[in-house]
Amino acid sequence: MRDPDYALLLVCDTESEIGETGTIELWHSVARDDYAIVVKGHEGREMLRDAFNDDLKDVVTTIFDLGLVLTQLHLAQVSSPYCGLARDLFLEALEDAGYRQAS
């Protein structure tokens with residue numbers, strides 16, 4: 001995203017129901033107090049941008065509605081406590097929505 005109000009927190013590898021791979025970027029704006037996601041295809045081409053989600057539950061709902069499976073989660077900045085907190089909150093929102101980690 002090219003909006004200076006947003007900071008990239010997480011990148012999730014994804015797979016669609018038909019085996020297409022890509023990523024979801026999770027962005028947050030402290031100034032606006034909302035989240036945005038950017039869905040990119042395997043080649044890095046932006047396929048969807050969804051903003052103004054004031055709750056991570058809305059982000060999870062969007063991911064579910066798109067039929068995407070999250071295969072791996074990466075912190076945008078490993079040393080950032082904000083990215084770590086975002087990961088924990090995102091995983092909690094996924095669990096609350098019924099997502100389960102494959103074993």
Side-chain angles (χ1 to χ4, degrees):
M1 288 186 61
R2 295 193 176 157
D3 188 324
D5 285 346
Y6 286 89
L8 179 62
L9 298 176
L10 302 172
V11 178
C12 304
D13 297 332
T14 65
E15 189 172 317
S16 72
E17 294 173 340
I18 58 172
E20 296 173 320
T21 60
T23 60
I24 293 177
E25 298 174 346
L26 178 65
W27 297 75
H28 183 254
S29 171
V30 173
R32 297 179 185 181
D33 191 28
D34 68 7
Y35 294 93
I37 61 170
V38 176
V39 179
K40 295 183 177 181
H42 179 69
E43 301 82 28
R45 185 174 54 97
E46 186 174 310
M47 301 176 76
L48 171 78
R49 183 179 298 190
D50 184 43
F52 310 115
N53 296 292
D54 59 351
D55 192 322
L56 282 173
K57 292 177 186 175
D58 297 333
V59 171
V60 170
T61 298
T62 299
I63 293 168
F64 177 79
D65 290 347
L66 293 171
L68 298 175
V69 174
L70 305 179
T71 58
Q72 194 165 12
L73 181 65
H74 311 275
L75 299 180
Q77 298 177 31
V78 176
S79 62
S80 169
Y82 299 109
C83 291
L85 176 61
R87 175 199 56 217
D88 295 345
L89 293 173
F90 187 58
L91 289 173
E92 183 179 308
L94 287 169
E95 185 177 319
D96 290 348
Y99 278 84
R100 297 292 174 247
Q101 190 171 6
S103 44

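Quick caveat, the model's predicted, so the values are computed rather than measured. Computed from heavy atoms alone, side chains included, the values below leave out hydrogens, waters and symmetry copies.
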> Between the side chains of Asp34 and Tyr6, does any donor sit under 3.5 Å from an acceptor?
Replying inline: yes
> Checking Arg45 side chain against Lys40 main chain: does a donor-acceptor pair fall under 3.5 Å?
Replying inline: no
> Just wondering, do Val39 and Thr14 contact through their side chains at under 4.5 Å, heavy atoms?
Replying inline: no
> Val69, Leu66: one ILVMFWY side-chain cluster at the under-4.5 Å cut-off?
Replying inline: no
>> Is the shortest side-chain heavy-atom distance between Glu25 and Ile37 below 4.5 Å?
In response: no
>> Let's go through Leu75 and Leu10 carefully: what are the C-alpha distance in whole Å and the side-chain angles of both, what is the deciding distance for side chain to side chain contact (heavy atoms under 4.5 Å, CB included) to 0.1 Å, and is it a yes or a no?
In response: CA-CA 5 Å; Leu75 299 180; Leu10 302 172; 3.6 Å; yes
>> Rounded at 0.5 Å granularity, tell me how far CE in Met47 sits from CD in Glu20.
In response: 6.5 Å
> Hey, are the side chains of Lys57 and Thr62 touching, using non-hydrogen atoms and a 4.5 Å cut-off?
Replying inline: no
> Does NE2 in His74 sit with more than 12 non-hydrogen atoms of other residues, nucleotides or ligands closer than 6.0 Å?
Replying inline: yes
> Leu85 and Val59: same hydrophobic cluster, using ILVMFWY side-chain contacts below 4.5 Å?
Replying inline: yes
> Taking Thr23 for the side chain and Asp13 for the main chain, is one N or O donor matched with an acceptor at less than 3.5 Å?
Replying inline: no
> Could you walk me through whether Leu70 and Phe90 pass the side chain to side chain contact (heavy atoms under 4.5 Å, CB included) check?
Replying inline: CA-CA 12 Å; Leu70 305 179; Phe90 187 58; 3.9 Å; yes
>> Show, in sequence, the C-alpha distance, side-chain angles and deciding distance for Cys83 and Val78, and conclude whether the side chain to side chain contact (heavy atoms under 4.5 Å, CB included) test is met.
In response: CA-CA 7 Å; Cys83 291; Val78 176; over 6 Å; no
> Mind checking whether Ile24 and Ile63 have side chains closer than 4.5 Å, heavy atoms only?
Replying inline: yes
> Relative to each other, are the rings of Phe64 and Tyr99 parallel, tilted or perpendicular (30° and 60° limits)?
Replying inline: perpendicular
> Got a second to check how far Leu94's CG is from Leu56's CG, nearest 0.5 Å?
Replying inline: 8.5 Å
> Side-chain contact, heavy-atom cut-off 4.5 Å: Asp54 with Asp33?
Replying inline: no
>> Rounded at 0.5 Å granularity, tell me how far CZ in Arg87 sits from CG in Leu9.
In response: 11.5 Å
>> Looking at Ser80 and Ala76, would you say the former's side chain and the latter's main chain have a donor-acceptor pair under 3.5 Å?
In response: no
